[in-house]
Q: 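Take this structure first; my questions come after.
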Amino acid sequence: MKPRFLPANAFWPNKRRVFSAFLCLAVVMSGIWFVAQSQVSAQTDSINDNNPDLNTQLRGQILEYQRAEQGYKIAKQDYMQLQTLSSLQKAVDTSREVMRLRALVVETHLRRVKAELEVTSGIDESIKLESIAKLDELLIQIGEHQAIVSQIDDRFKVNAAADQFTTLVEAAEVESSRSVAQIMIGRLQATLSEGNSLLTELADLKPQQKQEIELTLKQAQEAIDQANTYLQQQKDNDNKQVVNQIQKQLDPAYVKLEQVLSYFREVTQS
Amino acid sequence: MNEAQIPNPDFVENQTQFNGEGAYWEPVTAPVDPNPPQSEPAAESSKKPLSTPLKFGLVLAGILTVLIMLIGVVALLTGTNRPSITAQPTPTPSTQPQIQVSSQFKERLDQLENSLEEAKPVTNPMPFPTIDKNIRLEVEE
């Protein structure tokens, strides 16, 4: 039987298809990477905090954690399917690593919140100190958790550390939410105080104009006070969403302060 | 005469035509155009298959377009930093006449504006990092 030879160019379409497929895959992977980067960025850049170092640090740690998490998932799946000693060992090792990085991410986030809280004016000093003390306490607990994680060498210790972390992360989330809410309140309160200060310097204002600005500032203050009261009421509730509720309560105060700013611009022609 | 048999005056080409005497139909042929339109050379060239690099380029451009749109949609959907306030403050009532103030006061006013911009309440400006809270290795009984 005669061997049948295909012309050389008959292979080209396949090669090109493979090349095209690789190129498309590269484009898609780039897109996924871009989206992942955006999400990490959204987690770390969404506040104008005064700690660019902590911000950068956190961003790097989140990326590192995400990579370790993928490794852990694969190793765990292998262990579930194979049930061999080597797959178990790998699952334990990757679990230890991902737990270490996870604790590190939470620690850096809390440190960032604490640093922001410390520099934010407009927060009642006793409330601020109380929150900082709670954050410090959580940071100590995370340190203890990290020590436990570093000693993980079997699956029982993995699960014991997991149980400990469950309680810890719940408390961390609640305190983080409360602290960020205080930061938001403090920033608006500081702006309002500055507005009051500027008003006192405008001696040439007509009484009617002054009254209008005072009334708007008062309304802003009332909205801030309400938000503050609500936050204090939530003190004993493990409310992780308190920051979102505070944000809604602060909206009217923000609008009133914008009005005050417009008043000032108008009367001073600046 | 049955309505279904009424001839359509436009019904000409390769069909039969009513002969006007009401009795029968006779076949007709379409009028022949003495100057039939010449087939355009462009039509011939349009039948040519696209070259592989061109095809590849078109496919790549399509993929890129879809990808960019997807990224845009994802970015819109996952945006967490959108301010909740959409309404602008209403214009203040007229407070004429204006007051002359020092440049220092104007600077402080600018600072106030910046502070207010930073203090804008947004949906959780410092979100808790997204982490897997359930990392564990199940132990078989």
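So that the names make sense, note that chain A is the first sequence line, chain B the second, and so on, each numbered from 1.
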Q: Below 4.5 Å, heavy-atom pairs only: which of M184(A), Q61(A), K240(A) has the largest tally toward chain B?
A: M184(A)
Q: Got a donor-acceptor contact below 3.5 angstrom from the K76(A) side chain to the E138(B) backbone?
A: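 Absent.
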Q: Is there side-chain contact between F128(B) and V180(A), with heavy atoms separated by less than 4.5 Å?
A: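 SC-SC contact between F128(B) and V180(A) ruled out.
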Q: Quick one: which of V66(B), I68(B), L116(B) has the most heavy-atom pairs under 4.5 Å with chain A, could you say?
A: L116(B)
Q: Taking every non-hydrogen pair under 4.5 Å, which of L88(A), L261(A), D204(A) racks up the most with chain B?
A: L261(A)
Q: Decide yes or no for E173(A) and K133(B): does some side-chain heavy atom of the first lie under 4.5 Å from some side-chain heavy atom of the second?
A: yes
Q: Would you check if R136(B) and D163(A) make a side-chain contact, meaning some heavy-atom pair closer than 4.5 Å?
A: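 The answer is yes, as the side chains (C-beta and beyond) meet within the 4.5 Å cut-off.
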Q: Side chain, backbone, both or neither: which part of A253(A) has an atom under 4.5 Å from a heavy atom of chain B?
A: neither
Q: When rounded to the nearest 0.5 angstrom, what distance separates NZ in K120(B) from CG in D251(A)?
A: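 That separation rounds to 10.5 Å.
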Q: Is it the backbone or the side chain of N134(B) that comes under 4.5 Å from a heavy atom of chain A, or both, or neither?
A: backbone
Q: For L205(A), is it the side chain, the backbone, both, or neither that has a heavy atom closer than 4.5 Å to a heavy atom of chain B?
A: both
Q: Rounded to the nearest 0.5 Å, what's the gap from CD1 on I135(B) to CG on N159(A)? Could you check?
A: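 Here the interatomic distance stands at 11.5 Å.
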Q: Find out whether F264(A) and V101(B) are in side-chain contact, i.e. whether some heavy atom of one side chain is under 4.5 Å from a heavy atom of the other.
A: no
Q: Is there side-chain contact between N124(B) and Q247(A), with heavy atoms separated by less than 4.5 Å?
A: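 N124(B) vs Q247(A): side chains apart.
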Q: Does S197(A) reach the side chain of R108(B), with side-chain heavy atoms less than 4.5 Å apart?
A: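 Yes, their side chains come closer than 4.5 Å.
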Q: Which of the residues L198(A), V105(A), L101(A) is involved in the greatest number of heavy-atom pairs with chain B at under 4.5 angstrom?
A: L198(A)
Q: Measuring from atom NZ of K157(A) to atom CG of L137(B), what distance do you get when rounded to the nearest 0.5 angstrom?
A: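 Rounded to the nearest 0.5 Å, the NZ-CG separation comes to 14.0 Å.
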Q: Can you tell which part of N244(A) gets under 4.5 Å to a heavy atom of chain B, answering side chain, backbone, both or neither?
A: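 Contact with chain B is through the side chain of N244(A) alone.
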Q: To the nearest 0.5 Å, how far apart are OG1 in T130(B) and OH in Y65(A)?
A: 9.0 Å
Q: If you measure from CE on M126(B) to CG on L110(A), what distance do you get to the nearest 0.5 Å?
A: 10.5 Å
Q: For the atom pair OG1 (T123(B)) and NZ (K248(A)), what is the distance rounded to the nearest 0.5 Å?
A: 8.0 Å
Q: Which residues pass the ring-ring contact (aromatic ring centres under 6.0 Å, His included) test with F165(A), not counting sequence neighbours?
A: H145(A)
